[in-house]
Amino acid sequence: VMNYHEEDFVEVLKAEGGANLILDMVGGSYIERNIRALADDGRMVHIAFLTGPKAEINFAQIMARRLTVTGSTLRPQSDLAKARIAEELREKVWPLLANGSVAPVMDQEFPLADAAGAHTRMEGSTHIGKIVLKVS
């Protein structure tokens, strides 16, 4: 885990040999930075574009380092395709979550009555991990 507000994630990842896979939902200026952060033969999959789908990138890096840049979205897929994805998640990912070998990074939990406080925390961009609203 790294705090991208305090550290340059590109430099941190490059120092570790680069990322083998980046699942990008930000887009925009992160596209070029993510390409630099990939390991040789790495893959970047775009699933959303929170800051926009356009970027100026150097394709020579993609070619010379044998990178794969692709994208996917669930919305236009058939119900059957979505059901297959859900079943694979149940079989392959949920057991990892259940046994604790994979876990999301949690920042803070708020009672539902303090949803405004959760929004304030999120809008301040000082959190690391998930902000959870507790419904009981």
- S29 and T51 have their tightest heavy-atom pair at N-OG1, 4.4 Å
- Considering only heavy atoms from C-beta outward, does the side chain of V45 approach that of D24 to under 4.5 Å? no
- Using a cut-off of 6.0 Å, state whether more than 12 heavy atoms not belonging to K134 lie near its atom NZ. no
- Query: Hey, what do you get for CD1 (I22) to NE2 (H46), rounding to the nearest 0.5 Å?
  - Reply: 9.0 Å
- Item | L133 versus P111, closest heavy-atom pair with distance | CD2-O, 4.0 Å
- Task: Say whether L89 and V102 are linked into one hydrophobic cluster, either directly or through other cluster members, by side-chain heavy-atom distances under 4.5 angstrom.
- Result: yes
- How about F49 and Y30: are their ring centres within less than 6.0 Å of each other? no
- Message: If you apply the rule side-chain contact (heavy atoms from CB on, under 4.5 Å), what do you find for M44 with L21, and how did you get there?
- Response: CA-CA 6 Å; M44 179 167 54; L21 171 66; over 6 Å; no
- Task: Apply the test side-chain contact (heavy atoms from CB on, under 4.5 Å) to residues I131 and E109: give CA-CA distance (whole Å), side-chain angles for both, the deciding distance (0.1 Å), then the verdict.
- Result: CA-CA 6 Å; I131 298 170; E109 187 176 284; over 6 Å; no
- Note on the structure: When every non-hydrogen atom of V12 is compared with those of E7, the smallest separation belongs to CG2-OE2, 3.6 Å
- Message: For a side-chain contact (heavy atoms from CB on, under 4.5 Å) check, start with the C-alpha distance between L96 and W94, then their side-chain angles and the critical distance, and finish with the verdict.
- Response: CA-CA 5 Å; L96 300 175; W94 263 231; over 6 Å; no
- side-chain contact (heavy atoms from CB on, under 4.5 Å) between L67 and D41, worked out: CA-CA 5 Å; L67 304 178; D41 299 302; over 6 Å; no
- With the 4.5 Å side-chain cut-off for hydrophobic clustering, are L13 and L38 part of the same group? no
- Item | Shared hydrophobic cluster, V69 / F59 (ILVMFWY, side-chain heavy atoms < 4.5 Å) | yes
- Above 12 or not: heavy atoms from other molecules or residues under 6.0 Å from CE of M25? no
- Would you say S72's side chain and I47's backbone share a donor-acceptor pair under 3.5 angstrom? no
- Main-chain N/O of I128 paired to D107 side chain as donor or acceptor, under 3.5 Å: yes
- Heavy-atom pair with the smallest gap, counting every atom of R65 and D40: NE-OD1, 3.0 Å
- Item | CG (N99) with more than 12 external heavy atoms under 6.0 Å | yes
- Is there a side-chain contact between I57 and I62 (heavy atoms, below 4.5 Å)? yes
- Between G17 and A39, which heavy-atom pair has the shortest distance, and what is it? O-CB, 3.2 Å
- Take atom CD in E91; do more than 12 heavy atoms of anything else shown fall under 6.0 Å from it? yes
- May I ask you to check whether over 12 heavy atoms, not counting those of E87, lie within 6.0 Å of atom CD? yes
- Quick one: does Q77's side chain get under 4.5 Å of I85's, heavy atoms only? yes
- Message: Under a plain distance cut-off of 3.5 Å, with no hydrogens placed, do R121 and Q108 share a side-chain donor-acceptor pair?
- Response: yes
- Query: Above 12 or not: heavy atoms from other molecules or residues under 6.0 Å from CZ of R43?
  - Reply: no
- Task: Sequence neighbours left out, what passes ring-ring contact (aromatic ring centres under 6.0 Å, His included) with F110? Give chain and number order.
- Result: none
- Check I31 against P53 and note the closest heavy-atom contact, atom names and distance. CD1-O, 4.1 Å
- So, are R36 and E32 salt-bridged, with charged N and O less than 4.0 Å apart? yes
- Task: Establish whether V105 and M122 are linked, either directly or via other cluster members, by ILVMFWY side-chain heavy-atom contacts under 4.5 Å.
- Result: no
